[in-house]
Amino acid sequence: MISPTLFQDIEYDKLFNPRLAWESLPTVLEGLPYTLAISLAGMAIGLLLGFFLALGRSSTAIYLRWPSRLYISFMRGTPILVFLFLLYFGLPFIGLTLSAVTAAVIGFGLNSAAYNAEIIRASLKSVSAGQWEASRALGFSYWQTVRHVIIPQATRIALPPLTNVMLDLVKATSLAAVISVPEMIQRAQTVIGRTGDAMTLYLLVAFIYWPICIIIASFQERLEAHYDFHKK
């Protein structure tokens with residue numbers, strides 16, 4: 001039961017301090033390059049590894065299909081935060097030490113690869129078999145068919161879910177703060193430690209993430225229009 005006096009006790013004048021937010025903006029933005037770099041590098045690793053995992057997952061060879069399925073199942077069933085801890089805090093116990101940024105890039109890349117693999121596999125399978133037959137009738141080789149016929153059509157199908165993975169990856173980079181990566185959340189926490197105003201600083205970080213995700217979504221729409229062969 002919510003107390004009727006609950007909202008009366010809120011100090012609304014302390015919800016957001018514009019002056020503090022403006023003064024803190026340069027400090028918080030110092031973490032933006034780390035956020036973007038980790039997101040882009042992680043997604044690049046995830047796409048490359050995900051493509052080969054998708055091929056392995058679709059293979060008739062059991063020694064390719066089952067390791068791919070096991071990897072995908074493990075990564076999708078493991079919290080990314082636990083995996084970051086394993087890479088950054090766990091590996092030193094066996095003699096392998098990674099920097100915080102390296103651990104974050106590898107962690108997000110390996111994790112996103114599992115989701116990308118399923119998206120790529122489903123997108124490739126969604127292209128009808130008639131496309132292969134038509135390409136052979138036109139004299140296309142296997143790789144010409146893959147490059148000029150199958151991948152462009154599969155790309156249009158895969159773009160929305162792959163963009164969702166990218167958006168989740170951008171937002172998930174905030175978890176890298178727990179392994180001391182100086183991204184935006186970590187930079188905001190340094191200001192919070194000095195001022196004590198967590199509400200303003202976390203809202204400021206949210207307002208920075210929002211336009212980044214809007215830009216990525218807009219880029220997705222442009223790519224979808226580029227690969228929309230029906231409209232063309």
Side-chain angles (χ1 to χ4, degrees), residues 6-47 79-89 97-113 115-116 159-226:
L6 174 64
F7 296 104
Q8 296 177 5
D9 297 333
I10 295 177
E11 299 180 57
Y12 292 99
D13 59 318
K14 294 184 179 180
L15 280 176
F16 188 75
N17 185 334
R19 180 178 178 180
L20 176 60
W22 178 253
E23 293 175 350
S24 306
L25 184 60
T27 301
V28 175
L29 287 178
E30 289 176 2
L32 181 59
Y34 289 93
T35 297
L36 297 178
I38 292 171
S39 302
L40 293 174
M43 190 63 179
I45 293 172
L47 285 172
I80 182 60
L81 185 58
V82 172
F83 203 63
L84 289 176
F85 284 159
L86 284 173
L87 289 171
Y88 189 64
F89 298 114
T97 301
L98 301 176
S99 69
V101 174
T102 301
V105 169
I106 293 174
F108 288 117
L110 296 180
N111 183 266
S112 65
Y115 297 92
N116 291 337
L159 272 174
L162 285 177
T163 303
N164 286 336
V165 173
M166 181 63 186
L167 291 172
D168 288 339
L169 196 57
V170 169
K171 292 178 286 187
T173 56
S174 60
L175 295 174
V178 301
I179 59 170
S180 74
V181 174
E183 49 72 65
M184 291 192 292
I185 286 290
Q186 202 269 352
R187 300 303 295 168
Q189 288 173 338
T190 62
V191 180
I192 292 171
R194 185 175 70 250
T195 64
D197 192 343
M199 194 71 175
T200 295
L201 268 298
Y202 286 138
L203 279 174
L204 175 62
V205 172
F207 291 147
I208 296 173
Y209 272 110
W210 186 18
I212 293 173
C213 293
I214 290 175
I215 292 171
I216 294 173
S218 300
F219 187 61
Q220 172 210 331
E221 293 176 359
R222 291 176 66 88
L223 284 177
E224 281 190 77
H226 176 74

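Excluded from the calculations below are hydrogen atoms, water molecules and symmetry mates; all remaining heavy atoms, backbone and side chain alike, are included. Computed from a prediction, not measured in an experiment: that's the story for all the values here.
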Among residues at least two apart in sequence or on other chains, which ones pass side chain to side chain contact (heavy atoms under 4.5 Å, CB included) with Asp168? Lys171
With Leu47, which residues qualify under side chain to side chain contact (heavy atoms under 4.5 Å, CB included), at least two apart? Met43, Asn116, Leu162
Counterpart residues, side chain to side chain contact (heavy atoms under 4.5 Å, CB included), relative to Ile214 (two or more places apart): Trp210, Ser218
Hey, could you give me the CG/CZ distance between Leu159 and Phe219, rounded to the nearest 0.5 Å? 9.0 Å
All pairs passing side-chain hydrogen bond (donor to acceptor under 3.5 Å, both in side chains) where residues 191-208 contributes a residue, at least two apart: Asp197-Thr200
Closest non-hydrogen atom pair between Ile80 and Phe108, with its separation: CG1-CE2, 3.7 Å
Output the distance between atom CG (Leu20) and atom CE (Met199), rounded to the nearest 0.5 Å. 13.0 Å
According to side-chain hydrogen bond (donor to acceptor under 3.5 Å, both in side chains), does anything in residues 24-42 pair up with another residue at least two apart or in another chain? List the pairs. Glu30-Arg187
Quick one: list whatever passes side-chain hydrogen bond (donor to acceptor under 3.5 Å, both in side chains) with Thr190, sequence neighbours left out. none
With sequence neighbours left out, what residues match Phe89 under ring pair (Phe, Tyr, Trp, His ring centres under 6.0 Å)? Phe85
Nearest atoms (heavy-atom pairs only) where Ala177 meets Gln189: CB-OE1, 4.5 Å
Separation between CG of Leu15 and CG of Leu203, rounded to the nearest 0.5 Å: 8.0 Å
Inter-residue atom distance Ile38.CD1 - Thr173.OG1, 0.5 Å rounding: 6.5 Å
Interatomic spacing from CD1 in Ile45 to CG in Asn111 - rounded to 0.5 Å: 12.0 Å
What verdict does the side chain to side chain contact (heavy atoms under 4.5 Å, CB included) test give for Phe83 and Leu86, after you've listed the backbone C-alpha separation in whole Å, the side-chain angles of each residue and the deciding distance to 0.1 Å? CA-CA 5 Å; Phe83 203 63; Leu86 284 173; 4.2 Å; yes
Considering non-hydrogen atoms only, spot the tightest contact between Met184 and Leu32 and give its length. CG-N, 3.7 Å
If every non-hydrogen atom of Ser112 is compared with every non-hydrogen atom of Gly42, which pair is closest and at what distance? OG-O, 3.4 Å
List in chain and number order the residues that pass side-chain hydrogen bond (donor to acceptor under 3.5 Å, both in side chains) with Gln186, two or more places apart in sequence or in another chain; answer none if no residue qualifies. none
Before you tell me yes or no, could you show the steps for Val205 and Leu201 under side chain to side chain contact (heavy atoms under 4.5 Å, CB included), namely the whole-Å CA-CA distance, both residues' side-chain angles and the distance that decides it to 0.1 Å? CA-CA 6 Å; Val205 172; Leu201 268 298; 5.7 Å; no
Quick one: CG on Asn164 to CG on Leu169, what's the gap to the nearest 0.5 Å? 12.0 Å
Residues forming a side chain to side chain contact (heavy atoms under 4.5 Å, CB included) with Ala103, sequence neighbours excluded: Leu87, Tyr88, Leu98, Ile179
If I compare all heavy atoms of Leu84 with all of Ala104, which pair ends up nearest, and what's the gap? CD2-CA, 3.9 Å
Heavy-atom nearest pair, Ala41 first then Val105, reads CB-CG1, 3.8 Å
